[in-house]
There are 2 protein chains.
Amino acid sequence: MVNEQEFLAGYDPRAYPAVAVTADVVALTIRDGELQVLLIQRAAPPFAGFWALPGGFVRPEEDIAAAARREFAEETGLGGEPLRRVHFEQLASYGTPERDPRMRIFSIAYLAFAPDLPEPSAGSDAGDAQWLPVTALSTRELAFDHRKIVEDGLERARSKLEYTPLATRFVGEEFTIADLREVYETVWGHALHAGNFHRKVLSVPGLVEGTGATTEHGGPRGGPRARLYRAGDARLLHPALLRPAREETVR
Amino acid sequence: MVNEQEFLAGYDPRAYPAVAVTADVVALTIRDGELQVLLIQRAAPPFAGFWALPGGFVRPEEDIAAAARREFAEETGLGGEPLRRVHFEQLASYGTPERDPRMRIFSIAYLAFAPDLPEPSAGSDAGDAQWLPVTALSTRELAFDHRKIVEDGLERARSKLEYTPLATRFVGEEFTIADLREVYETVWGHALHAGNFHRKVLSVPGLVEGTGATTEHGGPRGGPRARLYRAGDARLLHPALLRPAREETVR
DNA sequence: GGAATAGTGTCTTTAAGACACTATGTC
DNA sequence: GACATAGTGTCTTAAAGACACTATTCC
């Protein structure tokens, strides 16, 4: 074997088997009080019949984030202002040599958060696309390493609720404190104390700002009208809204 | 123009200009009481003479993390147990189309943390390699988008000190509380209150565990011998060691 | 002896959480 | 009227930070 130096000096990626880069999207929304993730049923091999994240090759001259948005838009049919309101952030990259049997494919995963989205329309390379409650993920066979990617995305989402105003991306432009609490409860999977949550949210500078208005009606099962709020200008929450202690998971 | 569906169905990355994937490393250490980052001076175009992060193409059949470790090892000359003690984690990926003038190159950046490392030996594709105090970064011209990558790495490091025991990776196997405090002060760029820091570190479960031993001597300018500690088994700190409030940077 | 540092004691302030309660709405 | 919910009051506990102090060691 040649030594490292010679190998490196002569190393030219063009002389080696081609690699490709895809942008895959873990798109999360809250529908029917459940946290749901967007999945596509694959029509063609490999993993035909399995469910996969929306995604595809990053095109020449296309930015990675743009590719992620494009794939998301294609599968959801979303565009214009609604699409612009969706929050995208890079999650992580995945590239073990054997993750795709066809060739070496690196996947750069993005996380997308959007309020209550409609049922998606399928793209051409997908037999079917649908929102799946994350609690039902264990019943589906996921293609490639997409189960790991979804898990990483869920953990990122749970953790970002703590110290960013991300929760406001899961609700409409105007929302009540109870709407926001439902987001936290759904993503964290814990019931929260309504009174303490209320006070806490209002005490964090820049998290929400009141609109002066209230809901038109009380809740479906009674209760007074709730005040309406907009997202504030904070980009980090201080102090943070920490998850109930999870000392068990810490070691 | 063909519509999206046709485009996608016929899209084959092998029919398009080749792309390549590199693993680049933001390697941080604390030397001489300063946070330093490992840089390589480029010998060949593009960006000849500029400073760059150690890194290189991910080889066929090679995992991305393995490529990052290999590049780091090549530049530092580290191996065996010392290399194994270095903490690596994926930082983020960078892939704007124009970031490398030669071809489309996606960079998957890793963050490495290591205690006080020796002066590095240069690899073959580098005219020179050296540790640079991060405070001196503004005096150097960095190649590609490496300045942005370093900044992202620094912010990640600062933030990870808060809620993980990462600081213990910047010190030797046995350390004093003052050693640990120096890490926090150096990475955060703030002086911390010695007494409160001491109590806080000991109060976080699993952050450190005592060895029973103390230093051989007091400090160079006096003071009693300090007790020695090892890293504990916590993987997350609870409660966290939060940075002094930065309300200014929050909006 | 003078000075610096390790480690502890104590008090104040802030934040989190438990619990209770009032007012307002739905059915 | 029964019941659920929005929003607030109050108390307890945990944690962060300011400050002071003792004991130990170097020069």
Side-chain angles (χ1 to χ4, degrees), chain A residues 33 161-163 171 174-182 184-185 188 190-208 210-229 234 236-247 250, chain B residues 33 161-163 171 174-185 188 190-205 207-208 210-229 234 236-247 250:
Chain A
L161 284 199
E162 294 191 304
Y163 57 93
V171 292
E174 299 202 336
F175 51 86
T176 66
I177 303 294
D179 292 337
L180 210 54
R181 177 161 49 84
E182 197 200 324
Y184 276 92
E185 292 182 333
W188 285 350
H190 285 287
L192 298 175
H193 186 285
N196 289 340
F197 180 86
H198 193 105
R199 187 180 10 237
K200 170 72 182 172
V201 164
L202 295 186
S203 79
V204 177
L207 212 202
V208 299
T211 65
T214 69
T215 51
E216 298 269 318
H217 307 284
R221 282 173 295 185
R225 300 179 182 183
R227 287 180 217 158
L228 288 171
Y229 296 87
L236 289 173
L237 305 187
H238 187 81
L241 281 112
L242 297 177
R243 275 177 276 189
R246 355 139 234 173
E247 320 233 348
V250 156
Chain B
L161 284 199
E162 295 191 305
Y163 58 93
V171 292
E174 298 202 336
F175 52 87
T176 66
I177 303 295
D179 292 337
L180 210 53
R181 176 161 49 84
E182 197 199 325
V183 172
Y184 276 93
E185 292 182 333
W188 285 350
H190 285 286
L192 298 175
H193 186 285
N196 288 341
F197 180 86
H198 193 106
R199 186 179 12 234
K200 170 71 182 171
V201 165
L202 295 185
S203 79
V204 176
L207 175 52
V208 299
T211 65
T214 69
T215 52
E216 298 268 318
H217 308 285
R221 282 172 297 184
R225 301 179 181 182
R227 288 180 215 155
L228 288 171
Y229 296 87
L236 290 174
L237 305 188
H238 188 80
L241 281 112
L242 297 179
R243 274 177 276 188
R246 349 137 238 170
E247 320 233 349
V250 155

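Numbers restart at 1 for each chain; the letters A, B, ... are given by sequence-line order, proteins then strands.
- Residue A:P239 places its side chain closer to C:dA15 than to any other of C:dT26, D:dA6, C:dA15.
- The distance from atom CZ of A:R199 to atom C1' of C:dA20 is 11 Å, rounded to the nearest whole Å.
- Among the nucleotides C:dG25, C:dA6, C:dA16, the one closest to the side chain of B:A226 is C:dA6.
- Judged purely by atom type and a 3.5 angstrom limit, B:T215 has no side-chain atom pairing as donor or acceptor with the backbone of B:G218.
- Of the candidate nucleotides C:dA23, D:dT25, C:dG17, C:dA23 has the atom lying nearest to any side-chain atom of A:P224.
- Across the interface with DNA chain C, nearest-nucleotide mapping of A:S203 and A:P220 shows A:S203 to be the residue nearer the 5′ end.
- Although no hydrogens or angles enter the test, the distance criterion places no donor-acceptor pair under 3.5 Å between the side chain of B:T176 and the main chain of B:A226.
- Electrostatic pairing of A:R225 and A:E216 does not count as a salt bridge here, judged by no charged N lying under 4.0 Å from a carboxylate O.
- Distance B:F197 CZ to C:dG7 P: 12 Å, rounded to the nearest Å.
- The nearest whole Å value for the distance from the CD atom in B:E216 to the C1' atom in D:dT25 is 14 Å.
- When the nucleotides D:dC19, D:dG9, C:dG7 are ranked by their closest atom to the side chain of B:R227, C:dG7 comes out on top.
- Within the nucleic acid shown, B:G222 comes within 4.0 Å of at least one base atom, counting heavy atoms only.
- Remark: A:R221 is in phosphate contact with D:dT5, judged by side-chain N or O atoms under 4.0 Å from OP1 or OP2.
- For B:H193, the listed nucleotide lying nearest its side chain is D:dC19; candidates were D:dC19, D:dA15, D:dT24.
- Between A:G219 and B:N196, the residue anchored closer to the 5' end of DNA chain D is A:G219, taking for each the nucleotide with the nearest heavy atom.
- Nucleotide D:dT5 holds its C1' atom 16 Å from the NE2 atom of A:H217, rounded to whole Å.
- Across all their heavy atoms, B:L192 and B:P244 have their closest contact at CD2-CG, 4.4 Å.
- The distance between atom NE2 of B:H238 and atom P of C:dA16, rounded to the nearest whole Å, is 12 Å.
- Listed here is the closest heavy atom pair of A:A234 and A:P205: CB-O, 3.6 Å.
- The stretch residues 176-184 of chain B has no heavy atom under 4.0 angstrom from DNA chain D at all.
- Proximity note for A:H198 (side chain, C-beta onward) versus C:dG7, D:dT8, D:dT5: the nearest is D:dT8.
- For the pair A:L242 CG and D:dA15 P, the computed distance is 11 Å after rounding to whole Å.
- Using a distance-only test at 3.5 Å, with no hydrogens or angles considered, a donor-acceptor pair links the side chain of B:K200 to the main chain of B:A240.
- Summarising the geometry, the separation between CG on B:L202 and P on C:dT8 is reported as 7 Å, rounded to the nearest angstrom.
- The main-chain N or O of B:L161 is found under 3.5 Å from a side-chain atom of B:Y184 such that the two form a donor-acceptor pair.
- Without hydrogens or angle criteria, A:E174 side chain to A:Y229 main chain gives no donor-acceptor distance under 3.5 Å.
- Looking at heavy-atom distances under 4.0 Å, A:G223 makes contact with a base.
- Summarising the geometry, the separation between CG on A:L241 and P on C:dA16 is reported as 7 Å, rounded to the nearest angstrom.
- Checking the phosphate oxygens (OP1, OP2) of D:dA16, a side-chain nitrogen or oxygen of B:K200 falls inside 4.0 Å.
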